[in-house]
Amino acid sequence: MRSRRVKVYQDKAALVKGALGLVLEQIKQAIAQRGQCSLVLAGGSTPKPLYEALAQEDLPWEKLHIFWGDERYVPPTHPDSNEGMARQAWLDRVNFPAANIHPMPTSDQDPQADASRHEQELRAFFGAAEGEFPVFDLILLGMGDDGHTASLFPQTAALEVCDRLITVGEKSGQPRLTFTIPLINQGRCVIFMVAGANKQPALQQVFAETADPVAYPSRFIQPQGELWWLLDEAAGTVLKSFNNLVIE
């Protein structure tokens, strides 16, 4: 991990505004350097206003490629679908090329088969051979109050998968497709967006000098590129007791 930067904002609106500025900066940098930007979206309520704000921007949509870090195993029309949420908030509201949207497949009634299929789609897109991990330009993540991120839940088998890009996560018996830890950790830039006082206990463990990452999987996220933690005051105030942590 080259760097970890932490920013605490006054409230959720300020958090979203700060995230928008950073995401736009990363998108423009990727396009300038590589001609396109591969952007991985997170689900949940915290990033939704970010996507709504991105829909108001004038960006070269044809140079953006959209992926998801995890997906509930439901159709995109289902209210719990991460893809469906992002389409409603952003992608369907702008002239986004359909070929540049790469959702996780959830239609075969076989999560393992769909995980393998999506892995092959990613390898084809990046030209990555077996055993290689593609490098995404920007990966957005959230964190649950149990310390999970993507669909990498505490004490689950998905945390142990190191030889795949995509695996099947599980919560309360419900399967989900998810990026694996090593795939996330290849990212050029990883941004956590975390809001709410209910996240404080998990944040305390994720940022502690020693804690079990199997119990708090967000600790596993140590990318080779930049790592940003963007927090609202309600979540981030707990970190102010960490003497060795620089908060911007």
(request) Please identify each residue that fulfils salt bridge (Lys or Arg N to Asp or Glu O under 4.0 Å) with Glu25, with sequence neighbours left out. (result) none

(message) I'd like to know if Glu226 pairs up with Arg5 as an ion pair, taking the criterion as any Lys NZ or Arg NE/NH1/NH2 lying under 4.0 Å from an Asp or Glu carboxylate oxygen.
(response) no

(message) Is the shortest side-chain heavy-atom distance between Arg87 and Ile101 below 4.5 Å?
(response) yes

(request) Mind checking salt bridge (Lys or Arg N to Asp or Glu O under 4.0 Å) for Arg219 and listing every partner two or more places apart, or none if nothing turns up? (result) none

(request) Indicate yes or no for a side-chain donor-acceptor contact from Thr178 to the backbone of Asp70 under 3.5 Å, with no hydrogens or angles considered. (result) no

(request) Would you check if Leu22 and Lys7 make a side-chain contact, meaning some heavy-atom pair closer than 4.5 Å? (result) no

(request) Taking the side chain as every heavy atom from C-beta outward, state whether Leu159 and Ile181 have any atom pair closer than 4.5 Å. (result) yes

(request) First locate atom CZ of Phe136, then atom CG of Leu183, and finally report the distance between them rounded to the nearest 0.5 Å. (result) 5.5 Å

(message) Is the shortest side-chain heavy-atom distance between Asp145 and Pro201 below 4.5 Å?
(response) no

(request) Would you mind telling me which of Trp68, Phe125, Phe96 makes a ring pair (Phe, Tyr, Trp, His ring centres under 6.0 Å) with His102? (result) Phe125

(request) Assess whether salt bridge (Lys or Arg N to Asp or Glu O under 4.0 Å) is satisfied between Lys12 and Asp232, documenting all intermediate values. (result) CA-CA 5 Å; Lys12 189 175 176 182; Asp232 71 351; over 6 Å; no

(message) Contact between Asp137 and Gln26 at the side-chain level, heavy atoms closer than 4.5 Å - yes or no?
(response) no

(message) We want to know whether Arg164 and Ser116 form a side-chain donor-acceptor pair, criterion being a heavy-atom distance below 3.5 angstrom.
(response) yes

(message) Would the distance check show the side chain of Asn185 and the main-chain N or O of Gln222 forming a donor-acceptor pair, the cut-off being under 3.5 Å?
(response) yes

(request) For atom CD of Gln120, decide whether the heavy atoms of other residues, nucleotides or ligands shown that lie under 6.0 angstrom number more than 12. (result) yes

(request) Spell out, as yes or no, whether a donor-acceptor pair under 3.5 Å connects the side chain of Glu71 to the backbone of Glu83. (result) yes

(request) In plain terms, say whether Glu130 and Arg123 are close enough for a salt bridge, that is, a side-chain N and a carboxylate O under 4.0 Å apart. (result) yes

(request) Mind checking the CD1-CG spacing from Ile166 to Asp114? Nearest 0.5 Å is all I need. (result) 11.0 Å

(request) Give, for atom CG of Leu230 and atom CG of Leu15, the distance between the pair rounded to the nearest 0.5 Å. (result) 6.0 Å

(message) Quick one, Arg176 and Phe153 - any side-chain contact, counting heavy atoms below 4.5 Å?
(response) yes

(request) Test Pro97 against every option in Glu62, Lys63, His65 by the side chain to side chain contact (heavy atoms under 4.5 Å, CB included) rule and name the one that passes. (result) Glu62

(request) Could you walk me through whether Leu64 and Asn100 pass the side chain to side chain contact (heavy atoms under 4.5 Å, CB included) test, one step at a time? (result) CA-CA 7 Å; Leu64 263 68; Asn100 288 22; 5.6 Å; no

(message) Looking at Asp110, is its backbone amide N or carbonyl O close enough to the side chain of Tyr73 to form a donor-acceptor pair, meaning the two atoms are under 3.5 Å apart?
(response) yes

(message) Please check: side-chain N/O of Gln186 versus main-chain N/O of Pro134, any donor-acceptor pairing under 3.5 Å?
(response) no

(request) Indicate yes or no: at least one non-hydrogen side-chain atom of Pro47 is less than 4.5 angstrom from one of Leu140. (result) no

(request) Give a yes or no on whether the backbone of Ser172 and the side-chain of Glu170 come within a donor-acceptor separation of less than 3.5 Å. (result) yes

(message) So, using salt bridge (Lys or Arg N to Asp or Glu O under 4.0 Å) as the criterion, who are the partners of Lys240 when residues are at least two apart?
(response) Glu233

